[in-house]
Number of protein chains: 2
Amino acid sequence: MSLDKVDYVTEEAPRQATIFDVARLAGVSHQTVSRVVNDLPNVRSSTRVRVEEAIKKLRYVPSPAARALVTRRSRTIGLIATGGPEYGPSSTVLYFNAAARDARWSVFTANMTDSDPGSIRGAVEAFLRQNVEGIAVISGHEGSVDVVAGMELTIPLVALEATPHTGLATVGADQYNGARNAVRHLIALGHRGIAHLAGPADSVDARERERGWRDELGANDLSARVIGVGDWSPSSGHRFGEACDLTGLTAIFAANDQMSIGLIHALNERGLTVPHDMSIIGFDDIPEAAYVSPPLTTVRQDFETIGRDMLSTLLSRIDGDRSTELPQSLPELIERSSTGPATNVD
Amino acid sequence: MSLDKVDYVTEEAPRQATIFDVARLAGVSHQTVSRVVNDLPNVRSSTRVRVEEAIKKLRYVPSPAARALVTRRSRTIGLIATGGPEYGPSSTVLYFNAAARDARWSVFTANMTDSDPGSIRGAVEAFLRQNVEGIAVISGHEGSVDVVAGMELTIPLVALEATPHTGLATVGADQYNGARNAVRHLIALGHRGIAHLAGPADSVDARERERGWRDELGANDLSARVIGVGDWSPSSGHRFGEACDLTGLTAIFAANDQMSIGLIHALNERGLTVPHDMSIIGFDDIPEAAYVSPPLTTVRQDFETIGRDMLSTLLSRIDGDRSTELPQSLPELIERSSTGPATNVD
DNA sequence: TGAAAAGTTGTTAGCGCTCACAGTTTGCTT
DNA sequence: AAGCAAACTGTGAGCGCTAACAACTTTTCA
């Protein structure tokens, strides 16, 4: 079925060279070729050179399938990503993949818009069948990580947006302190009524940001009020911005930039201006943040670093290094014009 | 008091069952098991049942490595994605992957931020070594597709944002007519001086949008002026918005939403309001578009459909179907408030 | 100088599967 | 009841590679 009618035109593709072809050309045994290919010691350098020339001449490349069959290793990892195309997760996925490429590892990506346990388990099983040596999970939903962790895999697992699972490797920015910094900034500006527009309840990041906000307020004897629980989207920010009670408030910390944008828009529709009537601070620093009106004060996460850290953590675990030291970066406060001094509350 | 045969508390990782284990348990030959597994005919149904039971009992799953080694097929495809985490491409990647999962195909993703020929060729070679049966390219850079197409692969190739290469399967929205619709909308509103903020020169989509803009202007005897060539980012939109000459202009068609946002911001800084002083129209309909100020009139692309179409096109080519019919959708004009009636030009 | 040690190369046996074909049973015809 | 085709099932040979170890060289040093 792979033979189609154009085949008589194309020259018969010369069969990929095998290790035996190289061996014959170099006048050595296939095992010596294998040694050269795998960079093992105890090969005379003159022999090595001859083999390398033969390899180049025949354009030999080892067959991963054959190798995987015998070694049960594949130099391949599986990546599970749930959710839609939000900026944060998709950037992380992208840089994770890019880092894997740099390290000459292959990655199977399983994207799914939903994150029900069955799909996730199915993805993991498919990965296992493919002999992946490690699995990464980039998911906004806490449950996803739990499902994979609950499968008691024998291969390493690393997750973004981690729950404090014991024994689970997690990588990510310090959401908690990032949020505290954001709120601290607002307090320094004189704000006292600082509400929160939360992210989805099943997101660890969302919960950590909320916890940071709440703790910082608590440390300053200020009371906390959540004006809504959104789903990260601008439209959810807008929805809560339209409906919420603003009395006593001079600032709102939104769980991400996209919701901030929706929120500001709704506030404008209610006749309020930002930051004069209400200061708004977001989280993530998406590329648009600096160019909306007003430019968004926010907390920047470095998704490239996170993605690359996830990969390196996973690879070191695959190498057997179970050290618990996990990279965690501190997000940086970016001050723009959506926050300003508190004006008197009416 | 002997326990059930199934041993749940094995210390040693119990070696994965092979086709021979199943054969022994079912009292048949390994070949018969293979027939059952591959759903081949000529197996007595009673035998089939016995084998299936053995498979279930032993939790047998076929080894893709062994299978790939002998069949040279892998039920795996390779996806090359270049560029950064822009909304359009990353959405397409995501939905492509999701569709592949639904079809029970595995996909290797190679992300790279740059797109130099060497990296791309390297990625393709890695894919070939893994016996992928098809390759998809999602890249803003025209060159990327050319590189892959130039490798004269024997496996099918499908690309997003296509050049009119003969023999190359391409999927995507009709950028040209989408752009014409956008400009037509502006003309209907009374605009006569309609400039373009172009996307990067090496992007086919960018060129198609520009061509659509230019042709629609030409069809109405209006003159065309490009105020800048950006890189899709809000910051590039802002940069050109700051510097450009606006005389004689009442509207600008930007090549994407993100640049529109930067552009509008720059215009505001120059003391102009949108749409009163200048109508702006974007392209893509990113989630933020409806919530910036003013909400962006734009041309919506359905990235989910595009991603899924790419996958199905690729799979049908893998199946040997070389039909040239390629899915192409017409982007939809979304009218919001960044466009309005033309006011008198000064 | 000679033997052990170290360095180098070759041989054999699979990894788990499919393919080609050989062998066996069953069903149907006459 | 014989005979033959069709339906089933089994056997053996690889796919391309690495692991284990055997065999052969060269070096080292008493």
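Reckoned from all heavy atoms, side chains included, excluding hydrogens, waters and symmetry mates. To find a chain, count down the sequence lines: A is the first, B the second, and so on, and within it residues start at 1.
Between atom CD1 of residue I138(A) and atom OG1 of residue T82(A) there is a gap of 10.0 Å, rounded to the nearest 0.5 Å. For the atom pair OG1 of T109(A) and CG of N97(A), the computed distance is 4.5 Å after rounding to the nearest 0.5 Å. In this structure, OG1 in T154(B) is found 11.0 Å from CD in E133(B), a value given to the nearest 0.5 Å. Between S312(A) atom OG and D102(A) atom CG the span is 12.0 Å, to the nearest 0.5 Å. Rounding to the nearest 0.5 Å places CD of Q130(A) at 8.0 Å from OG1 of T76(A).
Residue order along DNA chain C, read from the 5' end via each residue's closest nucleotide, puts S45(A) first among S45(A) and T71(B).
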In 5'-to-3' order, the base (B), backbone-only (S) or no-contact (-) status of each nucleotide in nucleotides 9-17 of chain C, using a 4.0 angstrom heavy-atom cut-off, is BBBB-BBBB

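Between the P atom of dG10(D) and the CZ atom of R24(B) lies a distance of 14 Å, rounded to the nearest Å.
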